[in-house]
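Quick notes on the structure that follows.
In what follows, every chain begins at residue 1, and chains take the letters A, B, ... in the order their sequences are listed. In this text the structure is predicted, and so the values were computed from the model without any measurement.
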Amino acid sequence: MNASTLFGLCAAALVGVGLYGLIVNPQPLRKILAFNLIGCGVFLLFGAIARRGAAVGMGGDPVPQALLITGIVVAFSATALAVALVLRLFDETGSVTLASDAPAKAQADPPDA
Amino acid sequence: MTLALAVDISLTLLVLAVAGWIIAVRDTFAAVIGFVAYGLLLALIWVRLAAPDVALTEAAIGGGLTGALLIGAAGRLRKTEAATRAEYPGVLIRTLAAILAVTVAAALAVGVLALPDPAPTLAPAAVASLATTGVGNPVTAVLLAFRSMDTLLEAIVVLLALLGVWSLAPDRAWGGYPGPRHHADPDGILAYLARFLPPIGIIVGLYIFWIGADLPGGKFQGATILAAMWLLVIEAGLADTPPISRTWLRVLLVIGPLVFIAIGFAGSITAGAVLAYPEGYAKPLIVAIEIALMPTLVLTLALLVAGTPQRMPPQ
């Protein structure tokens with residue numbers, strides 16, 4: 001087994017681990033972390049494919065490598081926006097729950113007041 | 001088994017173990033620390049995959065900046081952890097999630113094993129046209145010549161993310177300072193590092209930026225190092241974030257994409273296509289775009305970590 005196949009399989013497993021965490025963990029920050037695990041798995045899969053494109057003395061195909069750099073920067077900015085949303089939710093409500101019954105309670109309160 | 005394969009297998013097992021730890025550990029703060037380690041391990045894998053440019057980006061942004069951002073958020077959200085832990089789903093949901101995760105991973109694994117041989121590659125095409133750009137690093141040539149549309153849109157996406165973060169500010173803090181005002185012991189180790197490291201970090205950052213034309217490196221990696229140095233000074237309480245209403249700040253934030261767009265459209269007149277460079281002028285134009293993008297990227301990346309404006313602007 002060569003390095004690109006090994007890391008390609010590793011990437012597939014990372015996507016699986018991240019997907020499980022994304023669904024199961026109720027905390028928004030942990031969901032963001034899990035989503036980043038999936039993202040890194042996708043990047044790694046792409047990188048393994050780039051490595052297979054090694055030719056003319058280059059270690060890998062430079063086109064996917066350049067797109068990976070773009071992808072990592074965009075993933076960071078999306079993460080920053082998601083974290084800012086969670087922190088704003090915390091500032092507004094004092095909790096970060098995503099449970100569907102919690103907002104319903106909050107909506108039921110104003111008519112009584 | 002060769003030594004290289006042994007290293008690769010150990011790296012794979014280590015990364016998978018850290019990923020499992022990030023998902024399974026109870027304490028969010030511990031999970032974030034695990035994520036920083038995960039980013040650095042992935043950077044090692046990028047080196048093993050012969051992608052040093054990606055390795056630098058992953059270590060600087062994937063591990064470093066994302067880690068700093070998440071550590072700050074985990075610290076602020078610590079109080080909410082006990083409450084949300086009660087919402088952990090039951091056995092049925094967890095089993096279904098595990099089945100779905102294994103299915104997706106298995107499908108991807110089958111895809112990896114069924115990849116075509118010989119693999120399609122654009123490396124010969126990139127190398128053949130490298131001389132027309134005047135840069136020596138094929139990845140930089142792809143980023144700023146062959147696929148410069150991606151890089152232009154990326155610079156705009158990063159800016160849009162910052163606008164999104166800013167627009168979450170409460171009305172009273174609009175135009176104010178992003179993030180909390182940091183205070184640290186003026187004689188402590190953090191303040192010492194914030195005085196000692198930036199001169200070194202700035203030189204390393206500028207070097208990585210400049211060398212990117214010919215060797216692994218580039219503006220994203222260099223800008224991240226410069227942003228990290230600025231954030232270090234801010235976290236040590238030696239400086240404050242600028243209020244987002246400052247004109248100089250807004251000018252520097254848009255100058256990179258504006259120069260990129262201007263040179264891109266000038267190409268439609270001088271070279272016959274948008275984002276094309278006239279023959280012989282590719283290298284100076286690429287350098288001009290990179291220099292214009294540099295302050296934009298440094299400020300945007302640092303301010304994305306600093307977060308939403310929280311404090312009133314000075315009256």
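- Of the two parts of B:Leu304, the backbone and the side chain both hold a non-hydrogen atom closer than 4.5 Å to a non-hydrogen atom of chain A.
- The main-chain N or O of A:Ile72 is never found under 3.5 Å from a side-chain atom of B:Glu58 such that the two would form a donor-acceptor pair.
- Minimum heavy-atom separation, B:Asp150 to A:Thr70: O-CG2, 4.2 Å.
- Residue contact with chain A, scored on non-hydrogen atoms closer than 4.5 Å, is absent for B:Ala155.
- The residue from B:Leu11, B:Leu42, B:Ile9, B:Thr12 that alone fulfils the side chain to side chain contact (heavy atoms under 4.5 Å, CB included) condition with A:Cys10 is B:Thr12.
- Looking at B:Phe146, neither its backbone nor its side chain comes within 4.5 Å of chain A, counting heavy atoms on both sides.
- Taking B:Pro170, B:Ala161, B:Gly218 one by one and counting their heavy-atom pairs under 4.5 Å with chain A, the maximum is reached by B:Pro170.
- In this structure, the portion of A:Val15 lying under 4.5 Å from any heavy atom of chain B is its side chain and not its backbone.
- Interface check for chain A: of the options B:Val54, B:Val305, B:Asp53, B:Asp117, the most heavy-atom pairs under 4.5 Å are formed by B:Val54.
- To the nearest 0.5 Å, atoms CG (B:Leu113) and CG (A:Leu9) are separated by 5.0 Å.
- A:Ile69 approaches B:Glu154 most closely through the heavy-atom pair O-OE2, 4.2 Å.
- When the candidates A:Gly47, A:Ala75, A:Gly39 are compared by the number of heavy-atom contacts under 4.5 Å with chain B, A:Gly47 comes out ahead.
- Heavy atoms only, all atoms of each residue included: A:Leu29 and B:Leu70 are closest at CD1-CD2, 3.9 Å.
- Across all their heavy atoms, A:Asp91 and B:Arg76 have their closest contact at OD1-NH2, 3.0 Å.
- Interface remark: B:Pro138 contributes backbone and side-chain atoms alike to the contact with chain A (heavy atom separation under 4.5 Å).
- In this structure, chain A has heavy atoms under 4.5 Å from both the backbone and the side chain of B:Val25.
- Ranked by heavy-atom pairs shorter than 4.5 Å toward chain A, the options B:Ile61, B:Leu56, B:Thr151 are led by B:Ile61.
- Remark: the backbone N or O of A:Leu67 is not paired with any side-chain donor or acceptor of B:Arg147 at under 3.5 angstrom.
- Heavy atoms closer than 4.5 Å to chain B are found in the side chain of A:Val83, but not in its backbone.
- Proximity to chain A (any heavy atom under 4.5 Å) is shown, for B:Tyr88, by both the backbone and the side chain.
- The environment of A:Phe35 atom CZ is sparse: at most 12 non-hydrogen atoms of other residues, nucleotides or ligands sit within 6.0 angstrom.
- Rounding to the nearest 0.5 angstrom, the gap separating the CZ atom in A:Phe7 from the CH2 atom in B:Trp46 is 10.0 Å.
- Between chain B and the residues A:Asn36, A:Val24, A:Val63, the largest count of heavy-atom pairs under 4.5 Å involves A:Val24.
- For the set A:Asn25, A:Asn2, A:Val74, A:Leu87, the entry with the most heavy-atom pairs within less than 4.5 Å of chain B is A:Leu87.
- For B:Trp166, the CH2 atom is densely surrounded, since the number of other residues' heavy atoms within 6.0 Å is greater than 12.
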Q.
Please evaluate residues A:Ile32 and B:Phe35 with respect to the criterion side chain to side chain contact (heavy atoms under 4.5 Å, CB included), reporting the C-alpha separation (whole Å), side-chain torsions for both, the decisive distance (0.1 Å), and the verdict.
A. CA-CA 11 Å; A:Ile32 294 173; B:Phe35 187 76; over 6 Å; no
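- At a 4.5 Å heavy-atom cutoff, the contact between B:Thr121 and chain A is made by backbone and side-chain atoms alike.
- One finds the OG1 atom of B:Thr308 at 7.5 Å from the CZ atom of A:Arg88 (value rounded to the nearest 0.5 Å).
- Of residues 99-109 of chain B, those residues lying under 4.5 Å from chain A by any heavy-atom pair are B:Leu100, B:Ala101, B:Val104, B:Ala105, B:Leu108, B:Ala109.
- Between chain B and the options A:Cys40, A:Ala11, A:Ala3, A:Ala13, heavy-atom pairs under 4.5 Å are most frequent for A:Cys40.
- Here the closest heavy-atom approach between residue B:Ala50 and residue A:Gln65 is recorded as O-NE2, 3.2 Å.
- Atoms OG1 and CZ, from B:Thr57 and A:Phe76 in turn, are 13.0 Å apart once rounded to the nearest 0.5 Å.
- Most heavy-atom pairs under 4.5 Å with chain B: of the set A:Gly16, A:Ala34, A:Gly53, A:Pro26, this distinction falls to A:Pro26.
- Comparing B:Gly62, B:Gly39, B:Pro116, B:Gly164 by how many heavy-atom pairs each has under 4.5 Å with chain A, the most go to B:Pro116.
- Highest contact tally toward chain A, considering only B:Val112, B:Val157, B:Leu153, is held by B:Val112 [criterion: heavy-atom pairs under 4.5 Å].
- Ranked by heavy-atom pairs under 4.5 Å with chain B, the first of A:Leu85, A:Val86, A:Leu22 is A:Leu85.
- Nearest heavy-atom pair, B:Glu81 versus A:Gln27, reported as atom, atom and distance to 0.1 Å: CG-OE1, 3.4 Å.
- Residue B:Ala73 touches chain A through both its backbone and its side chain, counting heavy-atom pairs closer than 4.5 Å.
- Of the listed residues B:Thr224, B:Ile93, B:Leu13, B:Leu65, the one with more heavy-atom pairs under 4.5 angstrom with chain A than any other is B:Leu65.
- Here the CZ atom belonging to A:Phe46 is positioned 13.0 Å from the CG atom belonging to B:Leu49, to the nearest 0.5 angstrom.
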